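Notes follow once the structure below has been shown.
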Amino acid sequence: MHGRPRKPLKPVDEAAVAAKAEKLRALQSEFLSNHQNKIYSKEAVELSAKLLEINPELYTAWNYRKLAVQQNLAQCESDPESVNSILNEELKVVENALRQNFKSYGAWHHRKWVLEKGHSSMDKELGLLDKFQAMDARNFHAWNYRRFVAALMKRSDEDELEHTQNMIDKNLSNYSAWHNRSVLLSNLMKKAAPGFTSKDEVLTREYELVREALFTDEDDQSGWFYHLWLLDQTVRSEFPLLVSSWPVEGSDISLPAADYLDGCASMNVFHYSSRNFPLVLYFNQSVRGVNSSTVSVSCGFNLNADLIWKPLSSNDSQSAKVWATHLAIPDAELHSSEAYQVEVKVGFSQGIVSTTGVAYGHPSQISFQLHLQKAPVESGQDSRFGRIQWKDDCFAVYEPGSAEPDLVNLLDNLTIKNEVESTASTWQARIIDDETNIFRDLLDCKIGKLTVARLLTAYNSLRPLDKPVHCKEVLELYSELMKLDPSHYQYYKDNHSLVLLQQVTSSKESLLSRCFHYRDSTLSTNGSPLCLRLNNLGISQLGSFEKLLWVQMLDLSNNELQSIEGLEALQLLSQLCLSNNKFRSFTALESLRYLKSLKVLDISQNEIGSHSIDTTRYLFRSPLSHSVGSCDWNINYLSSKTYWEAFFVLKDMGLTQLDVAGNAITSKSFNVFLEKLLPTLKWLDGVEVN
């Protein structure tokens with residue numbers, strides 16, 4: 001355990017282990033018989049105590065004792081002395097078990113259960129905790145139990161904070177004490193207790209405290225984790241705020257009318273074969289409660305009550321940072337050439353709440369114009385003009401055409417201005433600036449470089465409307481860390497990628513430099529799609545999605561991506577290139593399920609199918625999961641048991657072009673599977689589908 005090599009047992013020790021195992025088997029057999037036959041005699045209960053003293057992790061034995069206690073209490077509930085005797089006996093059994101294994105979950109849970117009966121001395125529990133914590137001051141079970149006991153005793157958070165301080169003074173490396181301090185401070189600041197009303201003053205005091213620990217022993221990680229928590233508290237907004245949306249305020253959106261609905265016109269003419277126009281709200285933190293009551297949408301043809309807002313999150317949670325709905329354009333309106341003023345009001349009615357329970361309290365309003373264009377588009381602009389290719393010579397540098405709206409103005413308004421954040425960031429910037437100046441003295445060590453990089457990144461995040469001023473230095477620091485500390489290379493690489501994307505999306509000049517017209521022989525430059533090319537950046541993680549909600553065509557090829565988590569926010573996306581990355585399975589592409597406008601997808605030259613288990617991802621839904629929907633699993637499609645992940649990700653997509661060549665999963669049978677799964681498919685790996 002924890003990297004300690006296992007040594008072979010000596011013959012004498014092997015004999016002792018064998019004898020113990022034999023005794024344990026005999027006890028377990030007799031105990032299970034008692035449990036099955038519901039025997040709760042004194043002898044049977046004592047037998048379970050012996051068993052738990054040997055093996056405190058036997059949950060069945062703890063549950064058996066609960067049943068026995070409940071039966072015995074029911075027989076003597078009118079006798080307080082007998083009740084206390086029964087419960088005290090349980091506490092003794094737990095104490096003996098904990099002496100055998102101080103980290104036994106079952107034992108600690110059983111002790112909590114006994115205390116909740118309300119017949120035990122809390123002061124005695126604190127004394128026992130002091131003894132246990134003298135043995136192991138960092139044991140998180142004991143700290144969790146202490147918080148439980150303190151709550152039962154109604155001990156003040158101030159008293160517990162003093163105890164935590166005493167424990168830290170005894171041992172600066174007590175990570176559990178630092179963690180408990182963060183829990184207590186969060187509670188005290190939340191309820192604005194005396195001395196904790198000013199977040200500025202509280203955090204300043206805490207920074208001074210943790211610096212003493214850090215400069216006493218810079219190699220100890222406990223203080224650094226607490227410093228990281230303080231930094232998060234410094235930059236985290238207390239209130240949920242709307243930071244971005246699509247469409248943006250003041251934009252002028254054009255859609256083709258009925259006769260040309262299948263057309264793929266210029267950059268500003270958005271193509272939706274479903275005749276639905278997406279509205280996207282991007283918050284600074286996960287929120288719930290976004291619906292037609294809390295978000296009002298008014299326009300000439302749509303009833304607000306008909307709109308269904310959905311959270312864009314791969315974990316099926318009812319809270320998310322990104323929410324979307326679709327304006328359904330009636331058939332009658334599609335034959336007109338009118339312009340409609342659309343107004344979106346967010347938070348004018350109560351109901352939007354963050355996951356921490358804070359209500360959205362800063363109403364926002366977004367207005368834009370929606371045009372239905374009757375005028376015919378160019379003859380070459382049919383969506384079936386041919387296969388999209390992602391070669392460099394297929395793209396021309398973006399040059400705004402006279403017929404296009406001002407993309408520059410659109411990029412200027414991507415981020416919503418929040419006066420609340422601007423006011424609050426003054427003291428936050430001061431704290432971070434002070435911390436940065438202090439920790440520059442530690443730039444000769446890895447943790448010093450990492451801390452300065454985190455501080456500078458946090459400083460940039462305080463003013464989302466301003467151009468980040470520290471990106472270059474942060475990128476250099478992470479580049480140095482990748483060389484100095486290869487064991488944590490991927491962590492530094494991911495953070496480097498996020499900062500690089502922040503730099504690329506920080507200004508309209510930077511974004512425009514990566515905008516290209518897709519050049520096809522059948523299209524004029526002004527009539528061609530606009531592509532944001534973020535290829536060949538070497539990024540391993542995606543971010544800055546709030547600046548990319550407008551993107552319809554995106555090139556992310558030749559990077560080091562292993563996941564596209566967060567890409568579901570880009571509801572306009574119709575063409576996407578992910579070739580030559582490091583995707584190991586379709587589980588890494590789950591966000592594709594939420595991109596209902598996606599027609600062209602290139603995932604060629606990756607590692608899909610090379611690994612039987614994608615260990616870089618969290619647990620993924622299986623065919624046996626009820627959330628997938630068993631009725632969707634058509635056995636005719638599943639020609640191989642290895643294709644279920646692809647089925648789950650791709651099954652509801654209306655792709656017309658798909659490239660998967662260069663992956664281990666690619667085979668003739670897989671291509672047949674894809675053609676059956678995607679009836680709208682016209683091109684597969686560069687070959688026209690019959």
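Since the model is a prediction, treat every value here as computed from it, not as a measurement.
The aromatic rings of Y492 and Y478 are tilted relative to each other, their planes meeting at an angle between 30° and 60°. Using a 30° and 60° split on the angle between ring planes, F516 and F395 fall in the perpendicular class, above 60°. Note on ring orientation: taking the six-membered ring where Trp is involved, the planes of F439 and W224 are tilted (angle from 30° to 60°).
Not a single donor-acceptor pair under 3.5 Å links the side chain of S604 to the backbone N or O of S579. S597 places no side-chain N or O within 3.5 Å of a backbone atom of L573 that could act as its donor or acceptor partner. Here the side chain of N495 pairs a donor or acceptor atom with the backbone of Y491 at under 3.5 angstrom. Using modelled atom types, no side-chain atom of S510 and backbone atom of S507 make a donor-acceptor pair closer than 3.5 Å. Looking only at distances, a side-chain donor or acceptor of W323 sits under 3.5 Å from a matching main-chain atom of V287. Of the possible donor and acceptor atoms, none in the side chain of Q571 sits under 3.5 Å from a partner among the backbone N and O of V280. Y518 places a side-chain N or O within 3.5 Å of a backbone atom of Q389 that can act as its donor or acceptor partner. Counting only distance, with no hydrogens or angles, the side chain of Q502 and the backbone of C471 share no donor-acceptor pair below 3.5 Å. One N or O on the side chain of N606 and one on the backbone of K582 form a donor-acceptor pair closer than 3.5 Å. At distances below 3.5 Å, not a single donor-acceptor pair connects side-chain atoms of N581 with backbone N or O atoms of F583.
Side-chain atoms of L655 and L598, non-hydrogen and from C-beta on, do get closer than 4.5 Å to each other. For the pair T234 and E435, the minimum side-chain heavy-atom distance is 4.5 Å or more. Counting only heavy atoms from C-beta outward, the side chains of L475 and H496 approach each other to under 4.5 Å. Using a 4.5 Å cut-off on side-chain heavy atoms (C-beta onward), L281 and I366 make contact. Residues N284 and P240 meet the side-chain proximity criterion, which asks for heavy atoms closer than 4.5 Å. No side-chain heavy atom of S354 sits under 4.5 Å from any side-chain heavy atom of F283. Proximity of L534 to L542: side-chain heavy atoms (C-beta onward) are nowhere separated by under 4.5 Å. Between V322 and F545 the shortest side-chain heavy-atom distance does not fall below 4.5 Å.
Atom CG of L532 sits about 10.0 Å away from atom CG of L512, to the nearest 0.5 Å. Of the inter-residue distances, the one linking S313 atom OG with Q318 atom CD reads 9.5 Å to the nearest 0.5 angstrom. To the nearest 0.5 Å, the span separating CD1 on I432 from OH on Y459 amounts to 8.5 Å. In this structure, E590 CD and I564 CD1 are separated by 9.5 Å, a value rounded to the nearest 0.5 Å. We find the CG-CG distance between L674 and L650 to be 6.5 Å, quoted to the nearest 0.5 Å. The CG atom of L567 sits 7.0 Å away from atom CG of L578, with the distance rounded to the nearest 0.5 Å.
Using a 4.0 Å cut-off between charged nitrogen and carboxylate oxygen, R387 and D602 do not count as a salt-bridge pair.
Side-chain contact annotation: E560 with S540, donor-acceptor N/O pair under 3.5 Å absent. Between the side chains of N671 and E675, not a single donor N or O lies within less than 3.5 Å of an accepting N or O.
In terms of heavy-atom proximity, L443 sits nearest to K449 at O-NZ, 3.0 Å. Nearest heavy atoms, L241 versus S237: CD1-OG, 4.0 Å. Contact detail for R514 and L537: the closest heavy-atom pair is NH2-CD2, 3.1 Å. The two residues K483 and P486 have their closest heavy-atom pair at O-CD, 3.7 Å. Shortest non-hydrogen contact noted between L556 and L554 is CD1-CD2, 3.7 Å. C515 and L530 make their closest contact through CB-CD1, 4.2 Å (heavy atoms, listed as atom of the first residue, atom of the second, distance).
Residues satisfying the salt bridge (Lys or Arg N to Asp or Glu O under 4.0 Å) test with E473, not counting sequence neighbours, are R440.
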task: Could you check V248 against W550 for side-chain contact (heavy atoms from CB on, under 4.5 Å), going step by step and ending with a plain yes or no?
output: CA-CA 9 Å; V248 301; W550 55 276; over 6 Å; no
- request: Would you check, one step at a time, whether the test side-chain contact (heavy atoms from CB on, under 4.5 Å) holds for F368 with L279?
  value: CA-CA 11 Å; F368 61 92; L279 301 179; 3.7 Å; yes
message: Using the rule given for side-chain contact (heavy atoms from CB on, under 4.5 Å), can you reason through Q233 versus R236, listing the C-alpha separation, both sets of side-chain angles and the distance that settles it, and then say yes or no?
response: CA-CA 5 Å; Q233 295 299 303; R236 177 183 293 180; 4.1 Å; yes
task: Given side-chain contact (heavy atoms from CB on, under 4.5 Å), test Q285 with T355 step by step and report yes or no.
output: CA-CA 8 Å; Q285 54 189 275; T355 53; 5.6 Å; no
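Here the two rings, on Y360 and F239, have centers that are 6.0 Å apart or farther.
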